[in-house]
Structures are given as structure tokens and as C-alpha cells.
Amino acid sequence: MKPCCRILLPCKNTAFPKSPTLSYSKTNFTNTQINNHSFHSYPARVLRFRTIFSQSQKPCSVPTSTWGQSRIFSNTCYYNFSKIPHHVVAGVASNIRNFSTSIETRVNDKNFERIYVQGGINVKPLVVDKIDLDENVAKDQEDRSEIENVDKSVENERLNEAESVKVGKEESEVEKEAWRLLRSAVVTYCGSPVGTVAANDPNDKLPLNYDQVFIRDFIPSAFAFLLKGEGEIVRNFLLHTLQLQSWEKTVDCYSPGQGLMPASFKVRTVALDDNKFEEVLDPDFGESAIGRVAPVDSGLWWIILLRAYGKLTGDYALQERVDVQTGIKLILNLCLSDGFDMFPSLLVTDGSCMIDRRMGIHGHPLEIQALFYSALRCSREMLALDDGSKNLVRATNNRLSALSFHIREYYWVDLKKINEIYRYKTEEYSTEATNKFNIYPEQIPHWLMHWIPEEGGYLIGNLQPAHMDFRFFTLGNLWSIVSSLSTPKQNESILKLIEGKWDDLIGQIPLKICYPAVESEEWRIITGSDPKNTSAIQFYGTKTDNYLLYGTKSTKYLKVGSTVQFCEVQDQRPWSYHNGGSWPTLLWQFTLACMKMGRSDLAKKAIESAEKRLPVDRWPEYYDTRNGKFIGKQARLYQTWSIAGFLTSKMLLKNPEMASVLFWEEDYDLLEICVCGLSNSSRKKCSRGLAKSQILV
């Protein structure tokens, strides 16, 4: 049997040390000098290893050259009636992989901050090597640190004022019931809350992986708890998933990057000898997922939630911990590493986000770009302002600038832009080509030419060479508003389009995950004939006959000898699940986007329609049909993020002061940063001069 190393944590009321003061003051740690370098030492934090093995196993230790090798996250909570032993926190830091980005200044092993552990067992606090310092960048970061400290003080005062006048209205019966259901979905680990299960239907006898804690699914739950003033579960979630980030991840003998966050985890109880049990965290990095999809959005959501936790609790000390800073850098390292791609957008496979099944979104889907942009802005706020992170900050700024220009200029469509594409010339070979991606006008779908309104527009779903996905993807557009990836003018246009196409995008239950649904042969090609992304009823069987039949839309025959195998598809309906289904969890992103743009009236209208249906329908995962009239054919009931999305929406409306710290305003400094200016090469032609009017409005 393969040796198994388990890193153990103390079984206490909370698995991680808290700041001793209620205000989460940043002075709860001390600055210590080791080898003339400064680092933060945290109270009551001890680093140690311990190996657990059975009689058939050999003990093994965790190599210091890796971030972590254990597959199961074990916090030894022994359930013994007489005695419960406690163990100490274990932590180990990794070598940061080579970091680079397609800019002139590269981050590599020589000038990137290295964090490592010295001394093995009974280690001293983490030591930070800082190399290749840049005095000018360090000075700029010190100035920015002073400004951010003032901003944080103002935010804390505003949050304290909001607490004193918080929630003037009584909770409705629907809200009380929703809170009861949300709390019943909480998962505990050694007595501490660490997340919520995806669905909690007591009548579901085959939950599959819906009984696990998904990172993306927990986000609305986390926001609900934070807005309620309950931050412990969010803190525990952030730190436990951070530990899971370091776990060994192997799919068919291949290990993905260290910065990858798990898609989900499950708390399992393992029997030991002498009537004892222990709880372990078992993460899933996609190796067990249907289709083996990669959880690209997990790390991006983790960074976004980390920032929100600090904003809403004032506990900025969590962000400044060495292990948390290292986790942020690992995620950025994974996302900003060089590749063959020519664009600043993040290249991913199909099914790598909320749409986690094949739906033709491989490439550069808008949802991933919006989350990526948001995570970069969060990281820039939270990264420790020291000389060792100067190159990472520079790379982040350059990527933010390039990404915002790329999305605003090339993803945006409205009536004027579509007419421009309609008249595109093709096969242009030039650095100054108008049709840069060689888009053929015939790609413009017929539905779009009739659907696009006179006023309003949106960001398309995907862009690649010779391909534009003109479908409207709701989450990507909403989060572009929240993060200011799109311009203020574009933000207004997106909400105008949603308002004008209310029946199509909102319907009887908010909100469509994408519009329109793909049908017939297009559905077969794009989804791979995925039955979950259509509400078709399928029957299989055999028919003895002497001839082969083709041509009918509802019946397909395949002759095998004298026997004809057939599959009859009756009443095939799109507008289901990811293929145009209606997802109530999107309500909280819609509310936040509307509040940012001063259109709370749209959010209230959508919430009212949801409040009438969701409790009656037992909080389903999604709805089917074009206007969301029917509960999804395979929808789980008592879906946690449907419940949490509704609660978060209601609380955001009641607490506009707290909502205001969760979105980003336009950063005009980013628009002036252009990496083209770093090189004197005559081959580099900057496109910004021609598009300034677009990116600055």
C-alpha cells in the first residue's frame, strides 16, 4: 500500500487561530527581523509534522521541496468517550514555480519572492528571501500602502455606521424559512463550520456529489453569512480550502499546477482502532468530476471571497498571513504563466466554470475573463507591499490593462457593431486590419439580427480566430459590470438590454444562464448530444425489419444485419440546465450589478417574482422552458445556492452601504498603462490610439 502522509490540525472550536480582538486589528501580529528581512509572526501558530500510518503502511515524511503531498486532509478528531487528543497545526510552504508573463519584465526564480521552511520538524517561522529589489517600485508601493490604509479606515467607519442602522425591516416568513434551510445545509469539520453542501434534499436517495462543499456554490452562502455578520464559517472555509490547494493532484499520472484550487471537498469519517473515528477532508480537483472538467473558476472565486471577507469584517490580518499571501501568488502564477496564446484573455477548456458540462465555451469564455479580471484587481489590493512582490504587481497591472482593452474593444456588440461586422472584409493580412480575427459575416446568426434592440448591447460569450460566440451569457455580463471590466457606458447598455428583453432573459423566474438555447443539430454538435442540456424524453430499443429508415426528426434507425436498432426521441425541448435554463442563484449577481448602476428597481422586480415561486417549488436548482415556467427535469430541490442567492439579494438591497464595498469602480490609471511603450521595436503597433474613445467611456 502506498504510504500516506497526513497533515494534522488541532481539533478545537475553530481550526485556525483568530485575532484576539473583536475589531480584528492589524496589530495582532508582530514584525520580526531574521537575516535582515522582515516577516510577520502570528500568535499561537506552531508548525510541526506528524505521520499517521497503519500496520500495512510505512511511515513517510513530507518533502520540504513540495507544498504538500497528502491526498486526504486530516484533522484528527478522535471520537472517544474518555479522551480526545489534540494535535498541532501543520503547515509547509512550497517553492514558487517560475512566474512569467508576455511582457518585457519577467518574473522568474531569480527575482521572484521565495518562501520556504527551514529546519524540518520544530521549524522556526517562515523566512522570506527577497532578491533583485527595485527602489522606485518599492517607493510607489509604499505610497499606495499609505493610501490603502486610509481607505480601509474609512471603510471600517462606514461599516460600523451601517451596523448601527442595520436592517430596519423585519425578515419575511420566506426569508426566515430560507435562513433555516441555509443553516441546515452547513457542514462542520471537527465542530467548526467550513461550508455548505450543494443541495440538502432529505428525499434525495442518490445525491451523487451534491452532498459536497463546492467552492463556486459556497460563494453566495458566504456573502449571505458575511452580510449577516457571521464571518467564522467564511474564515474557516478560506483557510481550509487554502490547505487543500497544496494537495497532490493527479489525473492519469499527470499533476496540474500547484495553484489549482479544488472544485469541491467532502468531510468523511474514517474508522480507527479502539472505537475511534477521525474526520478527513477529501478534495476533488476534477479527477472525479463528470467529464473530468478543470475547476478554473475555483481559485478566482477564492480570491474574490477573500477580499470580500476583509471588506465586510475588517479582518485584514487574514489577508496578510504568509500562507494566504503564498496562496494568492500560487493562483496568480498559474493564471499568468506564459503559453502559446496571443491574447491577454485566459485560455481554458470547456466546462471550466459554472457551465461545467460541454456547451461550446472552450477558448476564452466571458465568464472566466470577468472572474479573472476581478481576481487580478483583488490580488493587487491584497498582495503584501514589499520589494519581493514588485514584479508580480507589475505583471498584474499590465495584464489588467491589456485584458480590459481586449474585452471592451473586441467582445462588445450592439446594433452599430453588428452592422460593422455585417460589412466586414475578410482575409486581411496586415497589422492594421479592421477584421483582426477574420470573422466571416455569415457567422452572424439570424436570431441576433432580429433580437438586438436599437438601444443596448452586451459582451459576447467567446472570441477566437474566425469565431465569435454571439450568445448572451448572463454571469459574464453581470460580473463585467460588477468588476468594471466593461466601461460605464457599456454597463448601462447591458442593463438596458436586460430590461428591454425582460421576457427572454428573466421570464417567470430569474435568470437565464445563456440566451438563446441551441437546438437540433446544433445541440448535437455543441453539447455532444448531452441529454441533461435538453429536456428531451428518450426511448431505446430494437425493431426487426428488412429496410433502413432515415429522415424523420423524432426517430433514428440504424440497421445491424436483419435487425434495426433505433432510438426514438420524443418531444425534444431545449431551454434546460446550461442550455438556456433559468438559474435562481444568478439573482445576487444581478442585484449587485443593478445596485452599482443605480437600477435597484430592476433587482426588486426580479426578486419579487423569485420570492413567489422559489418557496412553493422547494428551491430548485434550475427551471426549464423558454420563460422558466417548469421546474428543471433533473433539478435538485433545496439547492443551497438558490436559497443563498435569494437571501444575499434581499440583504444587499437592505444594506446598500455594505453592497458598495463589494463592487469596483472604474480604474482610469489602468487605461493609461500600455505594455507597447516598454519596447522600442518598430514591429509593435499599438491599437489603443484608434480605440481610445471606446475604452475610456
Quiz prompt | Residue pairs fulfilling salt bridge (Lys or Arg N to Asp or Glu O under 4.0 Å) with at least one residue in residues 634-645, sequence neighbours excluded | solution = D204-R636
Short N-O contact, [X] and [Y], less than 4.0 angstrom:
X    : Y    : answer
E175 : K228 : no
E230 : R183 : yes
K266 : D282 : no
R321 : D323 : yes
K650 : E611 : yes
R180 : E177 : yes
K633 : D624 : no

Quiz item: Quick check: are there more than 12 heavy atoms from other residues, nucleotides or ligands sitting under 6.0 Å from CZ of R618?
Solution: no
Self-check item: R524 and E521: CA distance, side-chain angles, deciding distance, salt bridge (Lys or Arg N to Asp or Glu O under 4.0 Å) verdict
Solution: CA-CA 5 Å; R524 203 178 324 278; E521 194 64 23; 3.3 Å; yes
Among side-chain atoms of [X] and [Y], is any donor-acceptor pair under 3.5 angstrom?
X    : Y    : answer
Y622 : Q639 : no
Y623 : D617 : yes
S483 : S374 : no
T527 : W523 : yes

Quiz prompt | Identified ring pair (Phe, Tyr, Trp, His ring centres under 6.0 Å) counterpart of F218 within the set F237, W301, F265 | solution = F237
Practice problem: Can you label the angle between the W575 ring and the Y515 ring as parallel, tilted or perpendicular, going by 30° and 60°? | Solution: tilted
Quiz item: Taking the six-membered ring for Trp, are the ring centroids of W583 and Y577 within less than 6.0 Å of each other?
Solution: yes
Quiz item: Do W619 and W641 have their ring centres less than 6.0 Å from each other?
Solution: no
Quiz item: Could you walk me through whether S221 and T196 pass the side chain to side chain donor-acceptor pair (under 3.5 Å) check?
Solution: CA-CA 7 Å; S221 298; T196 52; 3.3 Å; yes
Practice problem: For side chain to side chain contact (heavy atoms under 4.5 Å, CB included), just list the numbers for L244 and M261, CA-CA rounded to whole Å, side-chain angles, deciding distance to a tenth of an Å, and then say yes or no. | Solution: CA-CA 7 Å; L244 296 176; M261 281 286 186; over 6 Å; no
Exercise. Taking all heavy atoms of G476 and all of L366, pick out the closest pair and write down the distance.
Key: C-CD2, 3.6 Å
Quiz item: Between R235 and D315, is a salt bridge (Lys or Arg N to Asp or Glu O under 4.0 Å) present by the stated rule, with each step listed?
Solution: CA-CA 10 Å; R235 178 186 172 89; D315 181 13; 2.8 Å; yes
Practice problem: Kindly determine whether H364 and D341 satisfy side chain to side chain donor-acceptor pair (under 3.5 Å), including the steps that lead there. | Solution: CA-CA 10 Å; H364 308 85; D341 203 17; 2.7 Å; yes
